Amino acid sequence: MNATPLDSEAPRDLVGVGIGPFNLSLAALADPLTGLNAVFYDQRPAFHWHPGLLIEGARVQVPFLADLVTLADPANPWSFLNHLRARERLFPFYFAERFHIQRAEYDAYCRWVAEGLPSLRFHHQVDAVRWNPERGLFEVDYTQLDAAGEAEALGRTHTRNVVLGVGTAPHVPDPLRPLVEDPLVPVVHAADYLAHRDTLRAAGHVTVIGTGQSGAEIFLDLLRGAPAGGGGGGLDKKSRRAKGQCFC
Ligand SMILES: Cc1cc2nc3c(=O)[nH]c(=O)nc-3n(C[C@H](O)[C@H](O)[C@H](O)COP(=O)(O)OP(=O)(O)OC[C@H]3O[C@@H](n4cnc5c(N)ncnc54)[C@H](O)[C@@H]3O)c2cc1C
């Protein structure tokens, strides 16, 4: 591993930790501000918004104007409408009058923004943030990861401000963790639903635990994928006969 303990650059105005929708929005809003020296780090190789839940037809709950920038800065170039324009889809989108866009479309829009912003650094895992009182700056230590996710180099950035946008991790109750971690047992968290959909559809009985948005979408998707007539299997919320389980 290359050790790069100190960067030689001038202190940044802003370091963002995590590039989910929260900090992606901040990066897009900061992009036109040429006087602001900002950089954003994420440990993942690229932007993806809950890839295990991009179920065909599932929509986000707010209209498209609540994109990454428009309500704060309507003239910002990283708007959803500009994304449609770049894809030559502006007129079809408008005349379809479906203003609650699909979750997969929101993910594609965010990836378009992420691919265009020069301030983003993927493959960078932030390991520590410290206040340096002598310099009056934060020190942000990171590990640069290679394509396999292994540590490749260490680095440090100094900055006047830090914005944490590290989001939430999918939660599995401790007693159930061994089941979710066993690849031979068809018990999955909603975050990994699409990768296991075929297994769950073939299970005969599936119990969906949790009745929020993700649970409802998965319940509906499993119903839509069930064979006509039911075939003797089923979906329920508490069955002890369940052969597959999905936590949402
Ligand atoms: C399974 C699941 C489904 C969800 N579905 C919905 C939904 O349908 N609608 C909705 O509105 N919300 C949903 N949420 C809530 C979710 O928190 C928001 O949608 C949104 O993703 C939050 O954005 P964020 O930028 O705060 O965090 P995230 O999108 O979680 O992004 C955080 C980023 O920080 C990075 N990161 C974390 N630690 C470090 C580190 N040390 N160094 C570098 N990078 C780091 C992560 O890799 C990640 O990319 C869901 C959450 C989960 C877990």
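Just follow the structure's listing: the first ligand is 1, and inside any ligand the first atom is 1. Computation of the quantities below employed the complete heavy-atom set of this structure, encompassing side-chain atoms and omitting hydrogens, waters and symmetry-equivalent molecules. Note that the structure is a prediction, hence the values are computed from the model and not measured. Count residues from 1 along the sequence.
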Subject >> ligand 1 contact on Q61 by region, counting heavy-atom pairs under 4.0 Å >> reply: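 No part of Q61 comes within reach of ligand 1.
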Subject >> Which residue and heavy atom of the protein sit nearest atom 22 (C) of ligand 1, plus the separation >> reply: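 Looking only at protein heavy atoms, the one closest to atom 22 (C) of ligand 1 is P21 CD, 4.3 Å.
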Subject >> Heavy-atom nearest neighbour in the protein, as seen from atom 35 (C) of ligand 1, with distance rounded to 0.1 Å >> reply: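 Protein heavy atom at minimum distance: D42 OD2, 3.2 Å.
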Quick one: which ligand 1 atoms are inside 4.0 Å of a heavy atom on [X]?
X: T168; value: 17 (O), 30 (O)
X: H124; value: 43 (C)
X: R103; value: 5 (N), 7 (C), 8 (O)
X: L53; value: 1 (C), 3 (C)

Original post:
Do the ring centers of F122 and F40 come within less than 6.0 Å of each other?
Top reply: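 No; F40 has its ring centre 6.0 Å or more from that of F122.
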Subject >> Aromatic ring proximity, centroids under 6.0 angstrom, F64 and Y109 >> reply: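 So the answer is no for these two rings.
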Subject >> Set of salt bridge (charged side-chain N to carboxylate O under 4.0 Å, His left out) partners for E56, sequence neighbours left out >> reply: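 If we apply the salt bridge (charged side-chain N to carboxylate O under 4.0 Å, His left out) test to E56, skipping adjacent residues, the hits are R197.
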Original post:
In chain order, what residues pass the salt bridge (charged side-chain N to carboxylate O under 4.0 Å, His left out) check against R85, with sequence neighbours excluded?
Top reply: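 By the salt bridge (charged side-chain N to carboxylate O under 4.0 Å, His left out) rule, R85 matches no residue at all.
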For ligand 1 and [X], I'd like to know whether there is a polar contact (N/O to N/O, distance under 3.5 Å).
X: V17; result: no
X: H189; result: no
X: S214; result: no
X: P170; result: no

Original post:
Just by modelled atom types, is the W49 backbone N or O under 3.5 Å from a matching donor or acceptor in the D107 side chain?
Top reply: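 Yes; at least one donor-acceptor contact below 3.5 Å.
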**OP:** With R89 as the cation and F91 as the aromatic partner, state whether NZ or CZ is under 6.0 Å from the six-membered ring centre and within 45° of the axis.
**Re:**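 Judged by the rule (NZ or CZ under 6.0 Å from the ring centre, within 45° of its axis), R89 is not positioned above F91.
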**OP:** Before giving the answer on salt bridge (charged side-chain N to carboxylate O under 4.0 Å, His left out), spell out for D174 and R177 the whole-Å C-alpha distance, their side-chain angles and the decisive distance to 0.1 Å.
**Re:** CA-CA 5 Å; D174 283 341; R177 202 174 295 276; 3.2 Å; yes
Subject >> Option of least heavy-atom distance to atom 39 (C) of ligand 1 (set: Q43, R59, H123) >> reply: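 Answer by nearest heavy atom: Q43.
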